[in-house]
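Just so it is clear, the model here is predicted, and its values are computed rather than measured. Chain letters run A, B, ... following the sequence lines, proteins first and then strands; every chain starts at 1.
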Amino acid sequence: KQEVTQIPAALSVPEGENLVLNCSFTDSAIYNLQWFRQDPGKGLTSLLLIQSSQREQTSGRLNASLDKSSGRSTLYIAASQPGDSATYLCAVKRAGGTSYGKLTFGQGTILTVHP
Amino acid sequence: NAGVMQNPRHLVRRRGQEARLRCSPMKGHSHVYWYRQLPEEGLKFMVYLQKENIIDESGMPKERFSAEFPKEGPSILRIQQVVRGDSAAYFCASSPPASGNNEQFFGPGTRLTVL
């Protein structure tokens, strides 16, 4: 059974800092990994998707890396801003089988960036 | 291109009533997924559907819950005889036909409160 863990559970930083969010998963047979952002009381916004054959993806100030063999992904946020404050979720999709479409989520990291 | 749409956004039911949650996927998307987010818990997969077919319902409670995605119209998640423990945010996601990028796009969610 796939389990996804995110560390830290919460993070509070001053504006301008570079920061790293960590995600680990127990089963390396994944199809892809997605990072999402969730604002309080809102839905999920997809930030980055990394296919299992890729090592990293970048979008603006965000960079996500994937080390499938060790079961780890990191989300790097450069020059953080108060508007980055949200819960960040990592989710993996298993390769093959009947659970092809299903995403398994971590518990999330609650990020607060203060001015 | 409108995103994934869910309605209602908020739903209040008394114990024993039925709840119907609707999800319209993004245009061109033929895969629909339902997830549940209980208070203070992470998102959990419930069911994965394609048009007129349930592909994976491994996350659905065995009783009172059902889902459909008819040939025409939105996907429906139906909860019969609701109980207080059903209070949660229910999210729908959609993805395009399985060819390469299977990124899932999420709707804003339906927040169900059972009194």
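Rounding to the nearest 0.5 Å places NZ of A:K102 at 12.5 Å from CD of B:E57. Taken from CZ in B:F105 to OG in A:S46, the straight-line distance is 6.0 Å, to the nearest 0.5 Å.
Using modelled atom types, one side-chain atom of A:Q34 and one backbone atom of B:Q104 make a donor-acceptor pair closer than 3.5 Å. Judged by distance alone, with hydrogens and angles left aside, the side-chain atoms of B:Y33 form no donor-acceptor pair with the main-chain N or O of A:L103 at under 3.5 Å.
Other residues, nucleotides and ligands place more than 12 heavy atoms under 6.0 Å from the CZ atom of B:R111. When the shell of 6.0 Å around CZ of B:R15 is examined, it contains 12 or fewer heavy atoms from other residues, nucleotides or ligands. Other residues, nucleotides and ligands contribute over 12 non-hydrogen atoms within 6.0 Å of the NZ atom of B:K51.
A continuous path of Ile, Leu, Val, Met, Phe, Trp and Tyr side chains, each step under 4.5 Å between heavy atoms, connects A:L47 with A:L11, placing both in one hydrophobic cluster. Under the 4.5 Å side-chain heavy-atom criterion for grouping Ile, Leu, Val, Met, Phe, Trp and Tyr, B:V47 is connected to B:V32 within one hydrophobic cluster. By the criterion of side-chain heavy atoms lying less than 4.5 angstrom apart, applied directly or through intervening Ile, Leu, Val, Met, Phe, Trp or Tyr residues, B:L43 is grouped together with B:F45 in one hydrophobic cluster. Residue A:I30 is grouped with residue A:L48 when hydrophobic side chains (ILVMFWY) are merged at heavy-atom distances under 4.5 angstrom, including chains of intermediate members. Criterion: ILVMFWY side-chain heavy atoms under 4.5 Å apart, direct or through other members. Under it, A:L21 and A:V4 are part of a common hydrophobic cluster.
Looking at B:Q37, only its side chain comes within 4.5 Å of chain A, counting heavy atoms on both sides. For B:F91, the part sitting under 4.5 Å from any heavy atom of chain A is the side chain, from C-beta outward, and nothing else.
With sequence neighbours excluded, no residue forms a side-chain hydrogen bond (donor to acceptor under 3.5 Å, both in side chains) with B:Q17.
Heavy-atom neighbours of chain A within the stretch residues 59-69 of chain B, taken at a separation under 4.5 angstrom, are nonexistent.
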